[in-house]
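Notes to accompany the following structure.
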Protein chains: 2
Amino acid sequence: MPPLDPFVAVADPTRRAILDRLRRGEAPVAAIAADFAMSRPAVSKHLRVLREARLVRDRPGGADGRQRVYALTAEPLREVLEWTAAYQTFWRATLGTLKRHVEARRAEDA
Amino acid sequence: MPPLDPFVAVADPTRRAILDRLRRGEAPVAAIAADFAMSRPAVSKHLRVLREARLVRDRPGGADGRQRVYALTAEPLREVLEWTAAYQTFWRATLGTLKRHVEARRAEDA
DNA sequence: AGGATCCGTAACCACCCGGTTACCCATCTC
DNA sequence: GAGATGGGTAACCGGGTGGTTACGGATCCT
């Protein structure tokens, strides 16, 4: 199974919110689902997508054997960060358009 | 019209490739479409999505009045970069899991 | 043992998305 | 003026997505 494209996994705001939640520490499904106004199976499906993108890891709950504890494994976001970072140079140029282009030229010449 | 979520705009690999293309300079539609194995209307639709996300700007072509010249306006990617950057700390921790957590704790204490 | 709880999956649904072909308008070219 | 060309839109289509309810399996509780 090839991992799911992280850009796709992160396109949904609910899934981003889940990852944001997991930044504050691992959590069982019930705790995650409590933050959202949707049914628990819907959250389960989002978690599956995040799993397929390798953005979360799930562990059988230690204390309560029924729980599954999800934890953040953010490494696939590196690709997103690196792709996006390549554009950082450009949005300074958006208004004047010239300033950064000029600086880039100057860098080439140097 | 509220702008389209940049995360959604960037979720499609074709759209990312179009933006990559525009990083090398503005271009008319035909030049962009030449890079892809799909019909020109399909490219037009992708360009529309990028427009709705404010990621490209389109200008009437100067020399040939039939052309529309597209240019990159990358600023909406700032949101993507900033959200993703917040996770950079975590993927170092993925293997050992502990190292960064420890450092974060240390930062809290300090 | 019996019932409640945690979680996943199945089946279903409305809608959106990415692609196609067909068509149209505007502009350039001869 | 006639035809070719650049590019957008419309209509359509298959497949995927995000939500729901219903169900089932495993574990905990008493």
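- Within the 4.0 angstrom heavy-atom criterion, no nucleotide atom of any strand lies near Ala31(B).
- Scanning DNA chain C 5' to 3' for nucleotides with an atom closer than 4.0 angstrom to a non-hydrogen atom of chain B gives a first and last hit of dG18(C) to dC28(C).
- For DNA chain D, the outermost nucleotides in 5' to 3' order that have an atom under 4.0 Å from a heavy atom of chain A are dG18(D) to dC28(D).
- Ala42(B) comes within 4.0 angstrom of a nucleotide base, judged by non-hydrogen atoms across all strands.
- As judged by a 4.0 angstrom heavy-atom cut-off over every strand, Ala11(A) is placed among residues making no nucleic acid contact.
- Residue Arg40(B) is classed as a base contact, given a heavy-atom separation below 4.0 Å to a base.
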Seminar exercise, completed: Here DNA chain D, pairs taken as Watson-Crick or G-U under 3.5 Å and shown with ( ), [ ] when crossing and | when to another strand, reads ||||||||||||||||||||||||||||||

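- Residue Pro41(B) is in base contact, counting any heavy-atom pair closer than 4.0 Å across all strands shown.
- Environment of CZ in Arg59(A): crowded, with over 12 heavy atoms of neighbouring residues, nucleotides or ligands closer than 6.0 Å.
- Taking 4.5 Å as the limit, every side-chain heavy atom of Leu81(A) sits out of range of all side-chain heavy atoms of Trp83(B).
- Follow the hydrophobic side-chain contacts under 4.5 Å out from Leu47(A) and you reach Met38(A) in the same cluster.
- Residues Arg15(A) and Val10(A) fail the side-chain proximity criterion, which asks for heavy atoms closer than 4.5 Å.
- Residue Arg15(B) is classed as a sugar-phosphate contact, given heavy-atom separations below 4.0 Å to backbone atoms only.
- Between Val49(A) and Pro28(B), it is Pro28(B) whose nearest contact on DNA chain D lies nearer the 5' terminus.
- Toward the 5′ end of DNA chain C lies the nearest nucleotide of Arg48(A), the other residue of the pair Arg48(A) and Met38(B) mapping further downstream.
- By the rule that hydrophobic residues join a cluster once side-chain heavy atoms approach within less than 4.5 Å of another member, Leu4(B) and Val80(A) end up as members of separate clusters.
- Note that NE2 of His46(B) and CZ of Phe36(B) are 8.5 Å apart. Values are rounded to the nearest 0.5 Å.
- Ion pair Arg16(B)/Asp5(A) flagged as a salt bridge, since at least one NZ, NE, NH1 or NH2 atom sits closer than 4.0 Å to an Asp/Glu carboxylate oxygen.
- Interatomic distance, CD1 of Ile32(B) versus CG of Leu22(B), reported as 4.5 Å (0.5 Å rounding).
- As judged by a 4.0 angstrom heavy-atom cut-off over every strand, Tyr70(B) is placed among residues touching the sugar-phosphate backbone only.
- Note on Val69(A): it does not cluster hydrophobically with Val56(A), by side-chain heavy-atom contacts below 4.5 Å among ILVMFWY residues.
- Side-chain contact between Leu72(A) and Leu55(A): absent, with no pair of heavy atoms (C-beta onward) separated by less than 4.5 Å.
- Nearest-nucleotide positions on DNA chain D for Ser39(A) and Asp64(B) put Asp64(B) closer to the 5' end.
- Cation-pi geometry between Arg23(B) and Tyr87(A) is satisfied (NZ or CZ under 6.0 Å from the ring centre, within 45° of the ring normal).
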